[in-house]
Amino acid sequence: MGEVVNLNRVRKDRAKAEAKTAAAANRAAHGRSKADKTKAQKERTRAERLLDGSKLED
């Protein structure tokens, strides 16, 4: 006789495995390197300084 299998558990495990592979693909496609992140942060702070320096005081 065969082994008893909980179909709900199998379905959930399969969905979890598919989600894991999709997440890995998304990380590879949309991940940014540390250099890209620091470059964006520097540009953001430069823009903020430029904007703050251009403000007129009341």
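All values below come from the heavy atoms of this structure, side chains included, with hydrogens, waters and symmetry mates left out.
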* **Results of side-chain contact (heavy atoms from CB on, under 4.5 Å) for Glu48 - residues two or more places apart only** =>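 Partners of Glu48 under the side-chain contact (heavy atoms from CB on, under 4.5 Å) test: Arg44.
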
[X]: side-chain hydrogen bond (donor to acceptor under 3.5 Å, both in side chains) partners, not counting sequence neighbours:
X     : value
Arg46 : none
Asn26 : none
Glu43 : none

Show which side-chain atoms of residues 29-40 pair as donor or acceptor with protein atoms under 3.5 Å away, not counting sequence neighbours.
from, atom 1, to, atom 2, distance (Å)
Ser33, OG, Asp36, N, 3.3
Ser33, OG, Asp36, OD2, 3.3
Thr38, OG1, Lys34, O, 3.2
Thr38, OG1, Ala35, O, 2.9

Distance-only check: which donor-acceptor pairs under 3.5 Å involve side-chain atoms of residues 10-20, not counting sequence neighbours?
from, atom 1, to, atom 2, distance (Å)
Arg11, NH1, Asn8, OD1, 2.9
Asp13, OD1, Arg9, NE, 3.4
Asp13, OD1, Arg9, NH2, 3.3

